[in-house]
Amino acid sequence: MEQSRKHLEESSSFFLVYVEVIILLSCFNLQGLNLLGLASPVAGGNETDQQALLQFKAKIIGDQLRSWNSSIHFCQWLGVTCGRKHQRVTRLELQFQKLSGSLSPYIGNLSFLRELNLSGNSFRNDIPQEIGGLRRLEALSLINNSLSGEIPSNLSACSKLTLVDMTGNQLTGEISSMLGSLSNLKVLNLQNNSLRGSIPPSLGNLSSLEVLSFAINRLTGIIPEAFRQLTNLSDFSVAQNAICGIVPVAMFNLSNIRLFDIGQNKIQGTLHSDISITMPYVEFFSITGNQISGQIPLLISNASNLNVLHLADNKLSGNVPSLEKLNKLYKCALAINHLGHGEEGDLNFLCTLVNNTKLEFLYLIQNNFGGVFPECISNYSSTLLHLVIGENKISGRIPDGIGNLINLEFLAIAQNQLSGHIPFDIGRLQKLKIFSADNNFLSGIIPYSIGNLTMLTKLGLGVNNLQGNIPSSLGKCLNLLEINISYNNLNGSIPREVLELSSLSIELDLSSNYLTGQLPVEVEKLKNLGYLDVSQNKLSGLLPNNLGSCVSMEKLLLDGNLFEGSIPSSLSSLRGLEALDVSNNNLSGGIPEFLVNFGALKYLNLSFNDFEGVVPSGGVFKNASATFVEGNNKLCGGIPELHLSRCNSKPSSNTSLRLKIAIVVVILG
């Protein structure tokens, strides 16, 4: 009896210790119960969450979630965060994990989920409707996946949502008007998808909205008038759609706006110089690529925080207001409009930017600006990278102080009315990559200092009145891809240093000058060049036999010179040739048979030379509208459309032999 009582006391003592251990482990939320074998199976909501996660994993292709296994509690799995109280999943953050597959509908069973972030993966197929059952969801981020189908119609049931970001997918269908009921929403970003239809006016009810972006979709219709109510809006972008109509004027007075972008649409309407614009914090303002007419509002100059001003590609006219207060402006794009009056004073606004120390990009191309090229450009900050003012009516000289813009990379002044010489100080622009001054009235020589522009990739000085020799210093510009100095008054020989620029791959156009001498043998170095034009000069001598080394050549224009001799057989290597013009020279010999085999050849001009013999009938020679051989009196044959004489058939060698034998026999007889 005593022994039994003692045993009972020991059992009770053990039981109390057991209970104390259980309570202690529970208080500290330890997972060691599994190791001790004392824990009971996961039950209720916890089991639901675990199964939902396992079903999510089952839809993943690959083993990126191999750590999701029974060796640890699911709350410790990669990307999973649980609440402390109920051990339910509250956040699932698996961004940039290289996951692919589809989204499991079981994700809708994570009923305590507040944040779902699957951005930067490769999920595909539809977004499951079950996501609409996540009533506690506050943030949904599915950025940069390959999700398709429509946005779940019941997403509006997730009334606590503050962020919805589905940027960079393949979503289709329309934007549901039911999203207008998400009264807590602050961010709605659906850009870069394939959404269609119009923008629901109900979104104007989202008074808490701060970011609204539908850019790069296929939306049509208009910008709803109700958007004037979005007084908390800071970022607004509907760029690159097919939206039409006019912009609600009240939107220009959303005082919290920092980004306003309606570019690349079909928006019309007229801006007036006195229109009220109250955007004191705006940093990015773009209406580019629309059909907006009128004038640039004067009050835009009060937007002192403006970094980017994009008004290009519209129908704006009149004068550009002072930009003096825009000290933070680093990009100003006014190109492709009707700005200016083609007269002096049009460019006065440029001098209001002299004190700006941040300006990097200035685009004024394709307008109606007139007047003299302002000297104040020389005083611009050295931060300026792009100065693009071509296709206007700007006159005067290129300022000598242009060399002060030592960081300039892109100087485009083509198609204006500029005269005078190219400043010697142009050589100070050692970071210049593109120099385009074609179609002006520039005179004098090409300065030798141009060889200092070692970063140059494009040089365009065609259609001017430049004189003197082509500077051999161009041979130092080892990054040049294209040179066009055609239609000038240049003389002398072609510098071999220029032909040794193996970097040339797009174009070398020296045509319509007064160049003399032979085509240097260094032409063989142009193995990457696609277009060579030395036509309409006074070049002479034989065509270099190594011209066939230019194996990338597509267009070879040698016409209007004094070349003589035959077409080199090495040209048979130029199998990608599309156009060959050797007309108006003194070339002779037969037409090479290999031209027949040039399948890409669409234009062949051999006219006004001294070629002789039979014109082939195959290849390009079958097309009379692509082949020109007139002015070669010794040619015959070819297709009838070439109107050449028939070739005289010579007696065959057998006939001649028989005739000789007959004569001998007669004489002997």
Between [X] and [Y], what is the shortest heavy-atom contact and its length?
| X | Y | result |
| --- | --- | --- |
| I287 | N290 | O-ND2, 3.0 Å |
| N193 | L171 | OD1-N, 3.1 Å |
| P321 | L298 | CB-CD2, 3.7 Å |
| K358 | K328 | CD-CA, 3.9 Å |
| A303 | V282 | CB-CG1, 3.7 Å |
| R196 | L219 | O-CD2, 3.4 Å |

Interatomic distance, [X] atom [atom1] to [Y] atom [atom2] [nearest 0.5 angstrom]:
| X | Y | atom1 | atom2 | result |
| --- | --- | --- | --- | --- |
| F361 | T383 | CZ | OG1 | 10.0 Å |
| T90 | L113 | OG1 | CG | 7.5 Å |
| L92 | L134 | CG | CG | 10.5 Å |
| L326 | N355 | CG | CG | 12.5 Å |
| L316 | I292 | CG | CD1 | 7.0 Å |
| N117 | L94 | CG | CG | 8.5 Å |

Take K160 and N184 through the test side chain to side chain donor-acceptor pair (under 3.5 Å) and record every step on the way to the result. CA-CA 6 Å; K160 294 187 176 182; N184 294 305; over 6 Å; no
I223 and side chain to side chain contact (heavy atoms under 4.5 Å, CB included): which partner among N265, V238, I246?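 Of the listed residues N265, V238, I246, the side chain to side chain contact (heavy atoms under 4.5 Å, CB included) partner of I223 is V238.
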Per the side chain to side chain contact (heavy atoms under 4.5 Å, CB included) rule, which among D261, V211, I216, L212 passes with S237?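 Testing each of D261, V211, I216, L212 against S237, the sole residue satisfying side chain to side chain contact (heavy atoms under 4.5 Å, CB included) is D261.
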L103 side chain near L118 side chain, heavy-atom distance below 4.5 Å: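 Of all side-chain heavy-atom pairs linking L118 with L103, at least one is under 4.5 Å.
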So for atom NZ, which belongs to K57, do other residues, nucleotides or ligands contribute more than 12 heavy atoms lying within a distance under 6.0 Å?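 More than 12 heavy atoms, drawn from other residues, nucleotides or ligands, come within 6.0 Å of this atom.
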Does atom CE (M178) have a neighbourhood of more than 12 heavy atoms from anything else shown, all under 6.0 Å?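 Not buried by this count: 12 neighbours or fewer within 6.0 Å.
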Distance-only polar pair, side chains of [X] and [Y], donor-acceptor under 3.5 Å:
| X | Y | result |
| --- | --- | --- |
| N528 | S505 | no |
| N407 | K431 | yes |
| N109 | T48 | no |
| S119 | S141 | yes |

Carefully, step by step, assess S111 and R88 under the rule side chain to side chain donor-acceptor pair (under 3.5 Å). CA-CA 8 Å; S111 55; R88 302 296 300 274; 3.3 Å; yes
Parallel, tilted or perpendicular for F74 and W77, by the 30°/60° rule?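 Rings of F74 and W77: perpendicular, as their planes differ by over 60°.
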So F252 and F260, ring pair (Phe, Tyr, Trp, His ring centres under 6.0 Å) or not? Walk me through it. CA-CA 9 Å; F252 292 125; F260 184 85; 5.8 Å; yes
Could you walk me through whether S202 and S177 pass the side chain to side chain donor-acceptor pair (under 3.5 Å) test, one step at a time? CA-CA 6 Å; S202 62; S177 61; 4.8 Å; no
